[in-house]
Amino acid sequence: DKDGKVSADLSALVENWVGHDKPITILDVSSAPSEILQTLVGTLLRITYDMLFWGQELEIGGKQQPLLIVVDEAHLFVPEGGKSPAHRILSTIAKEGRKYGVGIMLVSQRPSELDSTVLSQCGSFISLRITNETDRGKVASAVPDDLGDLIGLLPSLRTGEAIFLGEVLPIPSRVRVNLA
């Protein structure tokens, strides 16, 4: 509280985030000052990941209740060559999280600014229209070479259309998403 008194332990806080019966928890940090955003997001993710890593056999652990962390505006948190707390933990989750039941979904309108190593760990891609050549090149470099023709379709996709690649669908496909 404002006097610095703690009303609950850290484990109770994390359980409020991931140990409940609701299907989703949103931690909205959009109002946080940009100067501390990298540290704040990195700390929140590090606490959550470590708690799930060490408690993976518990009911709220990764093996019993897998966790998907969705990072919007991901280019702010995992930029190419970044070294922030957010970048470090997201890199760790991308490389090792799957075996502990923790995954990440990176959402960005600027894929060219995403870290190549983190992007290479993504098992699935859902890409909407991309007209910028640099952004298309980054997506193309992260998918298998034999799927280049699909990447070539990105500038011509209509509103609500996307290319689905990887584990998300058994066959790479152009998909129309219902906007209703």
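It should be emphasised that the depicted structure is a prediction, and the values quoted were computed from it without experimental measurement. Hydrogens, waters and symmetry mates play no part in the numbers below; they use all other heavy atoms, side chains included.
With hydrogens and angles ignored, the 3.5 Å screen pairs no side-chain donor or acceptor of R136 with any backbone N or O of G152. Checked by atom type and distance alone, the side chain of H87 pairs as donor or acceptor with a backbone atom of P79 at under 3.5 Å. A donor-acceptor contact shorter than 3.5 Å is absent between the side chain of S30 and the backbone of D28.
Minimum heavy-atom separation, G81 to D115: N-OD2, 3.7 Å. For the pair I104 and A94, the tightest heavy-atom approach, listed with the atom from each and the gap, is CD1-CB, 3.9 Å. In this structure, S124 and E167 approach most closely via the heavy-atom pair OG-N, 3.1 Å. Of all the heavy atoms in T92 and R46, the pair that sits closest is OG1-NH2, 4.2 Å. R110 and N132 get closest at one heavy-atom pair: NH2-ND2, 4.2 Å. Counting all heavy atoms, side chain and backbone alike, A86 lies closest to V41 at CB-CG1, 4.2 Å.
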- prompt: V139 and I163: side chain to side chain contact (heavy atoms under 4.5 Å, CB included), yes or no, with the steps?
  reply: CA-CA 11 Å; V139 172; I163 302 293; over 6 Å; no
message: For a salt bridge (charged side-chain N to carboxylate O under 4.0 Å, His left out) check, start with the C-alpha distance between K138 and E80, then their side-chain angles and the critical distance, and finish with the verdict.
response: CA-CA 11 Å; K138 187 71 163 216; E80 191 73 67; 2.7 Å; yes
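Residues L67 and Y49 have side chains not in contact (no heavy-atom distance under 4.5 Å, counting atoms from C-beta outward). Put simply, the side chain of C122 does not reach to within 4.5 Å of the side chain of M105, judged on heavy atoms. Taking 4.5 Å as the limit, every side-chain heavy atom of Q109 sits out of range of all side-chain heavy atoms of D135. You'll find the side chain of Y100 stays beyond 4.5 Å of the side chain of I93, heavy atoms only. Annotation: side chain of L45 is not in contact with side chain of T48 (no heavy-atom distance under 4.5 Å).
In this structure, S127 OG and L165 CG are separated by 8.0 Å, a value rounded to the nearest 0.5 Å. Going from atom CZ of R158 over to atom CG of L128 covers 13.0 Å, rounded to the nearest 0.5 Å.
Linking ILVMFWY side-chain heavy atoms closer than 4.5 Å, directly or via other members, places L27 and L106 in a single hydrophobic cluster. In terms of hydrophobic clustering, with Ile, Leu, Val, Met, Phe, Trp and Tyr side chains grouped at heavy-atom distances under 4.5 Å, V78 and V107 are assigned to different clusters. L157 and V177 fall into different hydrophobic clusters, where Ile, Leu, Val, Met, Phe, Trp and Tyr side chains are chained together by heavy-atom contacts under 4.5 Å. Linking Ile, Leu, Val, Met, Phe, Trp and Tyr residues whenever their side-chain heavy atoms come within less than 4.5 Å places L90 and V29 in a single cluster. Under the 4.5 Å side-chain heavy-atom criterion for Ile, Leu, Val, Met, Phe, Trp and Tyr, F164 and I130 are members of distinct hydrophobic clusters.
Salt bridge status for R174 with E161: present, with a side-chain N to carboxylate O gap under 4.0 Å.
For E96, the CD atom sits in a packed shell: over 12 heavy atoms of surrounding residues, nucleotides or ligands are nearer than 6.0 Å.
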